[in-house]
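One structure is given below, encoded as structure tokens.
Chain letters run A, B, ... following the sequence lines, proteins first and then strands; every chain starts at 1. Computation of the quantities below employed the complete heavy-atom set of this structure, encompassing side-chain atoms and omitting hydrogens, waters and symmetry-equivalent molecules.
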There are 4 protein chains.
Amino acid sequence: MAAFVTTRKVLFQHCDPAGIVFYPRYFEMINSVVEEWFEDVLGHSFASLHMDQKKGVPTAGISVDFRAPSRLGEVLTFTLTPGPLGRSRIPCRIEAHGGEQLRLEGALTLVYVDGVTLKSETLPAALAARIEQP
Amino acid sequence: MAAFVTTRKVLFQHCDPAGIVFYPRYFEMINSVVEEWFEDVLGHSFASLHMDQKKGVPTAGISVDFRAPSRLGEVLTFTLTPGPLGRSRIPCRIEAHGGEQLRLEGALTLVYVDGVTLKSETLPAALAARIEQP
Amino acid sequence: MAAFVTTRKVLFQHCDPAGIVFYPRYFEMINSVVEEWFEDVLGHSFASLHMDQKKGVPTAGISVDFRAPSRLGEVLTFTLTPGPLGRSRIPCRIEAHGGEQLRLEGALTLVYVDGVTLKSETLPAALAARIEQP
Amino acid sequence: MAAFVTTRKVLFQHCDPAGIVFYPRYFEMINSVVEEWFEDVLGHSFASLHMDQKKGVPTAGISVDFRAPSRLGEVLTFTLTPGPLGRSRIPCRIEAHGGEQLRLEGALTLVYVDGVTLKSETLPAALAARIEQP
């Protein structure tokens, strides 16, 4: 399985009175990284997934350790690495670096669900294959 | 150590196109619960902590499992329960219920730091005593 | 027409690296004031409006002047005052004070729309009557 | 004075239960457009402005009309056009289009201030010249 790497710039809107990223904003960044991965690598934009296919991939759980603060103007490199797929679950490792320095690391689990009932469904084979491609 | 219980209403701004709480907004709610606990129970408002004392209590790590979705208009009951304190660390359990249903559960660790250097400092005895009061 | 008055506390999540409210957060506060007014005064919670009735009241335009900064921990008093109703439009004045000091003032227009087509519809007489009650 | 043009993609985090951009998120986008303009065109990143020079350019007022809704996945083109400068004030027109369709239009005023006192200061000649370059 291939790691997905992308960057996010720390904007004014991400920072708190201490001048560092307010941690809930990291989760907005992480969600946008997942969104970009789905669109650019997996071939399922969130627009098509939610609007056309009426499916969703909500986050069932997430665990993150913040190793060092990130400051306004920095460019963070996010690395998302999927792990062994479950029936409906997509476990991922997540990391972000600022330069060489680790800023956060953790794991999250996405679940493929019906967009109306929000019940989990078996991952479509084509989507699973895309996630598992090396 | 006493659990801190408070409520948050699910507002329009918390909800995503699926009509449920977008998970980064839960972290904004959790942060506001910590903020309310510090002000109302521990006697250290974030304003006095950050502005007057030049200290901070950033979140060093957080892990949350989302057990069921929450919808617009619901009132969620958050329960924050501190655990055994470290030198500078305040570990807490966090849960939120909608009615009887568990919506999320997890744990987070706050660290008492200098507001300028962001380096950890020993928890002041008075603050530790407030957290540990039954 | 009666003014609606409520308060919002300036939380950590509202503040920027300058230690003052980041102005997009004021619009989240204003939206939540409108939401509270609909539920508590007009008898149309956003949950019932959006989920049950499949209607919406998006903001068609808003203009705000920020008169003085607001800081972490302050309690702001918001005053929302509806003006003469249009067919589908609800014009409102908005102000926020911190103590005696004016922090922001402006105007916004809500439009009553179908929740699916997003096209404007005539305000239901019962809702209009509620807005116009003295 | 030259218009600054850039794009923003509508992400999941920008959208509300109606599946369209929640309007406070437009103000986050607009703020990030101003931030990009300062860094890429005016040669004053917000990091250097706030952290090194201890200055700021808060928004003193903003007025926006929302002409049509924007949906998940769309790419919006923002156009920011500065107008005649005041002593400390930078008035700007703002527009966003989705394809050919106007989505929002309005005006905002930035004020150059001291980062500590938040009092307005005369725009530095070099910054004013950058803004006024054709």
Chain B contact via D/F22 - side chain, backbone, both or neither, heavy atoms under 4.5 Å: side chain
Just wondering, more than 12 heavy atoms not from B/R67 lying within 6.0 Å of its CZ? yes
If every non-hydrogen atom of B/R25 is compared with every non-hydrogen atom of D/Q13, which pair is closest and at what distance? NH2-O, 3.3 Å
Give me the atom names and distance for the closest heavy-atom approach of D/C15 to B/P17. CB-CG, 3.4 Å
What pairs with B/F78 under ring pair (Phe, Tyr, Trp, His ring centres under 6.0 Å), at least two apart in sequence or on another chain? none
